[in-house]
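This report refers to the structure that appears directly beneath it.
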Amino acid sequence: MTSRGDEVAANLEVVRRRIREACADAGRAEDDVSLVVVTKFFPASDVRLLADLGVTDVGENRHQEAEAKAAECADLGLRWHFIGGLQSNKAAAVAAYADVVESVDRAKLVAPLSRGATARGAQVDVLLQVSLDPPGADHRSGAAPGELPDLARRVVEAESLRLRGLMAVAPLGEDPRTAFARLAEVHRELEREHPDATVLSAGMSGDLEAAIACGATHVRVGSAVLGPRPAVQ
Ligand SMILES: *Cc1c(COP(=O)(O)O)cnc(C)c1O
């Protein structure tokens with residue numbers, strides 16, 4: 001293997017051990033938590049290395065980059081997660097390659113996603129992205145918790161979309177455990193109405209332990225596996 005391959009393999013081993021230990025600490029089964037490796041800003045050659053190392057799920061946050069990489073890596077049989085801010089005029093195109101769209105945060109996205117998924121002849125899994133910022137804060141992306149029941153209903157009613165759960169990012173400047181505990185409560189409420197919405201996507205390189213302690217079923221890890229991204233985004 002190349003030295004890049006060795007580096008990624010070693011990083012991946014560390015992340016997999018962190019997930020195992022966090023599951024043990026939380027009294028959860030190890031296979032409760034799936035790893036999505038976030039490959040944004042890294043080349044398709046890295047995606048190939050990851051597939052060789054047994055990674056099954058990758059995440060991207062920009063449409064053009066994701067579309068190109070998914071096409072280049074179509075032979076690998078990976079599940080592509082779209083995790084970035086989504087424009088409604090790009091949503092149908094995203095549904096043409098994404099297996100999971102994790103960042104659905106407003107009603108306007110539902111119809112184009114549904115159209116794109118139907119045109120592709122596939123079911124696309126949808127996670128609603130919820131904002132964990134305190135009310136009144138300068139909102140990062142994500143729906144307010146109060147907007148979720150309506151958004152969930154629209155996804156359930158849309159052709160070719162499957163409501164699978166929630167995604168969130170811990171706010172800056174707050175202990176992630178506090179934020180993820182709040183998220184777990186929001187998730188329980190969603191599951192009461194939608195028992196199939198079992199997925200909770202939370203936790204990144206810096207806070208995956210806190211997320212797993214609070215019930216995350218998917219962690220999205222980029223830099224801890226692939227190294228630092230270029231500073232200019
Ligand atoms: C980039 C990104 C990640 C991965 O972040 P790391 O800190 O590199 O692990 C996870 N989730 C989202 C939504 C992202 O945009």
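Counting from 1, the numbers follow the sequence of the chain as shown.
Of all the heavy atoms in Leu226 and Arg4, the pair that sits closest is O-NH2, 3.0 Å. Minimum interatomic distance between Thr118 and Ser160 (heavy atoms only, all atoms of both residues): OG1-OG, 2.7 Å. Nearest heavy atoms, Arg162 versus Val155: C-CG1, 4.4 Å. Closest non-hydrogen pair, Glu102 versus Ser201, comes out as OE1-OG, 2.7 Å. Considering every non-hydrogen atom in both Gly227 and Asn11, the closest pair reads N-ND2, 4.5 Å.
Applying the salt bridge (charged side-chain N to carboxylate O under 4.0 Å, His left out) rule to Asp32 yields the partners Arg28; only residues at least two apart in sequence or on another chain are considered. Considering only residues two or more places apart in sequence or on other chains, Ala210 meets the side chain to side chain contact (heavy atoms under 4.5 Å, CB included) condition with Pro176, Arg177, Phe180. Listed by chain and residue number, Arg153, Arg154 satisfy the salt bridge (charged side-chain N to carboxylate O under 4.0 Å, His left out) test with Asp150 (two or more places apart in sequence, or in another chain).
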(message) Determine whether Val58 and Trp80 satisfy the following criterion, side-chain contact (heavy atoms from CB on, under 4.5 Å), listing intermediate values before the conclusion.
(response) CA-CA 5 Å; Val58 292; Trp80 291 83; 3.5 Å; yes
(request) Begin with the C-alpha distance, continue with both residues' side-chain angles, and end with the deciding distance and a verdict on salt bridge (Lys or Arg N to Asp or Glu O under 4.0 Å) for Arg48 and Asp75. (result) CA-CA 10 Å; Arg48 256 170 217 287; Asp75 58 308; 2.9 Å; yes
(message) Please evaluate residues Leu113 and Val110 with respect to the criterion side-chain contact (heavy atoms from CB on, under 4.5 Å), reporting the C-alpha separation (whole Å), side-chain torsions for both, the decisive distance (0.1 Å), and the verdict.
(response) CA-CA 5 Å; Leu113 282 172; Val110 174; 5.9 Å; no
(message) Is there a salt bridge (Lys or Arg N to Asp or Glu O under 4.0 Å) between Arg18 and Glu21? Walk through the geometry before answering.
(response) CA-CA 5 Å; Arg18 283 175 62 190; Glu21 290 176 357; over 6 Å; no
(request) Would you sort out whether Arg17 and Glu13 count as a salt bridge (Lys or Arg N to Asp or Glu O under 4.0 Å), showing the intermediate values? (result) CA-CA 6 Å; Arg17 186 180 334 122; Glu13 197 35 62; 5.1 Å; no
(request) Test side-chain contact (heavy atoms from CB on, under 4.5 Å) on Val221 and Val36 and set out the steps. (result) CA-CA 6 Å; Val221 181; Val36 179; over 6 Å; no
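Side-chain atoms of Asp125 do not come within 3.5 Å of backbone N or O of Val100 as any donor-acceptor pair. A donor-acceptor pair under 3.5 Å is absent between the side-chain atoms of Ser88 and the main chain of Leu109, judged by distance alone. No donor-acceptor pair under 3.5 Å is formed between the side chain of His194 and the backbone N or O of Glu189. Under a 3.5 Å cut-off, the side chain of Ser131 and the backbone N or O of Ala143 do not form any donor-acceptor pair. Remark: side-chain polar atoms of Glu174 are not paired, donor with acceptor, to backbone N or O of Pro171 under 3.5 angstrom. With hydrogens and angles disregarded, no donor-acceptor distance shorter than 3.5 Å links the side chain of Thr217 to the backbone of Val199.
Taking CG of Asp46 as the reference point, atom OG1 of Thr39 lies at 8.5 Å (rounded to 0.5 Å). For the atom pair CG (Leu190) and CG (Leu163), the distance works out to 5.5 Å, reported to the nearest 0.5 Å.
A salt bridge does not link Glu67 with Arg62: none of the charged nitrogens is closer than 4.0 Å to a carboxylate oxygen. Using a 4.0 Å cut-off between a side-chain N of Lys or Arg and a carboxylate O of Asp or Glu, Lys69 and Glu60 qualify as a salt bridge. Salt bridge absent: Asp196 and Arg164 never bring a charged side-chain N and a carboxylate O closer than 4.0 Å.
The aromatic rings of His218 and His81 sit tilted relative to each other, their planes meeting at an angle between 30° and 60°.
The closest side-chain donor-acceptor pair between Arg229 and Ser223, if any, does not fall under 3.5 angstrom.
No side-chain heavy atom of Val225 sits under 4.5 Å from any side-chain heavy atom of Val55.
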